[in-house]
**Student:** 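My questions will all concern the structure given below.
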2 protein chains.
Amino acid sequence: MHGVNVSAITSPLVWEHVQPAAARRLLTGAIDAFAERGFQATTTRDIASRAGMSPAALYVHYPSKERLLFEISRYGHQAALDVLRDADSGDSPAERLRSMVEAFTAWHAEHHTIARVVQYELAALTPEHLAEVATIRRAISAQIEQVLSDGVADGSLAVDDLPGTTLAVLSLSIDVARWYTPHRGDPAALGKLYAELAQRMVQT
Amino acid sequence: MHGVNVSAITSPLVWEHVQPAAARRLLTGAIDAFAERGFQATTTRDIASRAGMSPAALYVHYPSKERLLFEISRYGHQAALDVLRDADSGDSPAERLRSMVEAFTAWHAEHHTIARVVQYELAALTPEHLAEVATIRRAISAQIEQVLSDGVADGSLAVDDLPGTTLAVLSLSIDVARWYTPHRGDPAALGKLYAELAQRMVQT
DNA sequence: GGCGAAGCTAAGCAAGCGCTTAGCGAAGCG
DNA sequence: CGCTTCGCTAAGCGCTTGCTTAGCTTCGCC
């Protein structure tokens, strides 16, 4: 936690670990489709055709459409948490918060398709799969709560309602996934703006 | 604009104007269903059974499932805009902003089922219907932008990036619809917290 | 008291859904 | 070579979907 920054504002979100290539094409096709239309409105035929395959080929690599969603959701949640943890660096709680909000916001813009699946398709997961990503979600929330709490402890940040303010800071970044498109500014600039706004929310 | 406050933080969201009563039961049932599962995952049979009717009865009152969504979305958008306009009162831009964010946030919590439909089911509307609610959405955005702009003009608010900050302020309130449930605090308290946070974001 | 309109239901239709089955060709390997 | 495994397709199964049709009852109204 809050060690040396590994420098990247957004972690490179690659899928090379998904093998074979056809499984990866199905996965990235599913991300696009789920982000565009939502899980329920996306058909297995649509996902398969984006990957250039017949509908049945999907089931060679994934046992169900829901499982495809789960793989995306789990990996997306983990990537978001990793970004937050990597950004937890700086000498003061204020600096750490700034760095985390900047990176988390930029990630939601840069990877807004995955972020949309992560944030808005939870209801389509099975209870077991939902429970698994919920664990990661709690870690994400805890990461923000910790830095705010540290700031309260050393008197450098002003936070009246800790859980409420934690949620608000997270909300700011998360909602980026809802409205962001590439023509609405670049992720890095957005990250800087939101980091500034978040810091102002809690400064003494 | 920014006249005398009509006093309510959340406008009473009633559907008495929807006649007959069966049409109203279908509408409120659809709101609950759409908010719970999303438009695509909701069946006409589910909506009808929530209203205590057979599936065919839906088509006596509405020509399609999408039309039902549109009626909800249009009325919900208008109600949200009305809340913002009623709250645009106060002697300074800072006071007006506080009042608007407080009311807008509280509305999204109080009416989180309708708000979820309003904010997250736009993709299911026909292009024509989407265009109609988009007009109301622009008015909502303009309402916030105006007060920030007034604050910049008289030097009472510090806003670097006007469109970006407008979006951020709106985001804060809108995202409430995503996570709010009644057990997470009462809408009025949430409104006050968020009003405070928003004001801090732009104070000189 | 006859009659049309309003509000509803039972039944069902065509289309599309997630997913399965059967089988084919290419690659890997003894 | 002979045989298995892997990745894939064509076809289609059982089911659910949004919506329609035909017909029933209840009501107001002249």
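Values below: all heavy atoms of this structure, side chains included; hydrogens, waters and symmetry mates excluded. Predicted model only: the values in this text are computed from it and were never measured. Convention: sequence-line order gives letters A, B, ...; per-chain numbering from 1.
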**Student:** Please pick, from D:dC8, C:dG7, C:dG18, the nucleotide with the shortest atom-to-atom distance to any side-chain atom of A:Y59.
**Tutor:**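 Taking heavy atoms from C-beta onward, the closest nucleotide is C:dG18.
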**Student:** Would you mind classifying the nucleic acid contact of B:T43 as base, sugar-phosphate or nothing, using non-hydrogen atoms under 4.0 angstrom?
**Tutor:** sugar-phosphate
**Student:** Among D:dC8, C:dG18, D:dC19, which nucleotide has an atom closest to any side-chain atom of B:K65?
**Tutor:** D:dC19
**Student:** Between the side chain of A:E66 and the main-chain N/O of A:T126, is any donor-acceptor distance below 3.5 Å?
**Tutor:** yes
**Student:** Select one nucleotide: of D:dT9, D:dG18, C:dC8, the one nearest the side-chain heavy atoms of B:A22.
**Tutor:**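 Given the options D:dT9, D:dG18, C:dC8, the side chain of B:A22 is closest to C:dC8.
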**Student:** Indicate whether OP1 or OP2 belonging to D:dG18 is found under 4.0 Å from a side-chain N or O atom of B:T44.
**Tutor:**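 True: B:T44 side-chain N/O within range (under 4.0 Å) of D:dG18 OP1/OP2.
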**Student:** Out of D:dG18, D:dA11, C:dA11, which has the shortest distance to the side chain of B:A56?
**Tutor:**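 Minimum distance to the B:A56 side chain belongs to C:dA11.
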**Student:** Nearest-Å distance, CG (B:L26) to P (C:dA6)?
**Tutor:**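 Those two atoms, CG and P, are 18 Å apart.
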**Student:** Rounded to whole angstroms, how far apart are CZ on A:R37 and C1' on C:dC17?
**Tutor:** 15 Å
**Student:** Would you indicate which nucleotide in D:dA10, D:dC8, C:dC8 comes nearest to any side-chain atom of B:A57?
**Tutor:** C:dC8
**Student:** Counting only side-chain N and O atoms of B:H61, is one of them less than 4.0 Å from OP1 or OP2 of C:dA6?
**Tutor:**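 Indeed not, no polar side-chain atom of B:H61 lies that close.
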**Student:** Is the base of D:dG18 touched by the side chain of B:R45 through a donor-acceptor pair closer than 3.5 angstrom?
**Tutor:**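 For B:R45, whose side chain was compared with the base of D:dG18, there is a donor-acceptor pair (under 3.5 Å).
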**Student:** Tell me the interatomic distance from A:L58, atom CG, to D:dT9, atom P, rounded to whole angstroms.
**Tutor:**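 Rounded to whole Å, this separation is 11 Å.
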**Student:** Would you kindly give the CZ-to-C1' distance between A:R24 and D:dG7, to the nearest whole Å?
**Tutor:**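 Whole-Å distance recorded here is 15 Å.
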**Student:** What is the distance, rounded to the nearest whole Å, between atom CZ of A:R25 and atom C1' of D:dC8?
**Tutor:**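 A:R25 atom CZ is separated from D:dC8 atom C1' by 11 Å.
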**Student:** Does the pair B:R116/B:E121 count as a salt bridge with the N-to-O cut at 4.0 Å?
**Tutor:**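 Salt bridge: no.
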**Student:** Which nucleotide in the list D:dG7, C:dC19, D:dC19 gets nearest to the side chain of B:S64?
**Tutor:** D:dC19
**Student:** Please determine which of A:Y180, A:W107, A:Y120 meets the ring pair (Phe, Tyr, Trp, His ring centres under 6.0 Å) test together with A:H112.
**Tutor:**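 Among A:Y180, A:W107, A:Y120, the one meeting ring pair (Phe, Tyr, Trp, His ring centres under 6.0 Å) with A:H112 is A:Y180.
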**Student:** In whole angstroms, how far is the P atom of C:dG18 from the OH atom of A:Y62?
**Tutor:**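 Spelled out: OH on A:Y62 to P on C:dG18 is 17 Å.
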**Student:** Find the distance B:F39:CZ to D:dT17:P and express it as a whole number of Å.
**Tutor:** 13 Å
**Student:** Is it true that A:R98 and A:E102 have a side-chain N and a carboxylate O under 4.0 angstrom from each other?
**Tutor:**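 Between A:E102 and A:R98 there is no salt bridge, as every charged N stays at least 4.0 Å from the carboxylate O atoms.
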**Student:** Looking only at heavy atoms, what is the nearest atom pair of B:P93 and B:L157, with distance?
**Tutor:**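 Result for this residue pair: CB-CD1, 4.1 Å.
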**Student:** Without decimals, in angstroms, what is the distance between B:M53 CE and C:dA10 C1'?
**Tutor:** 15 Å
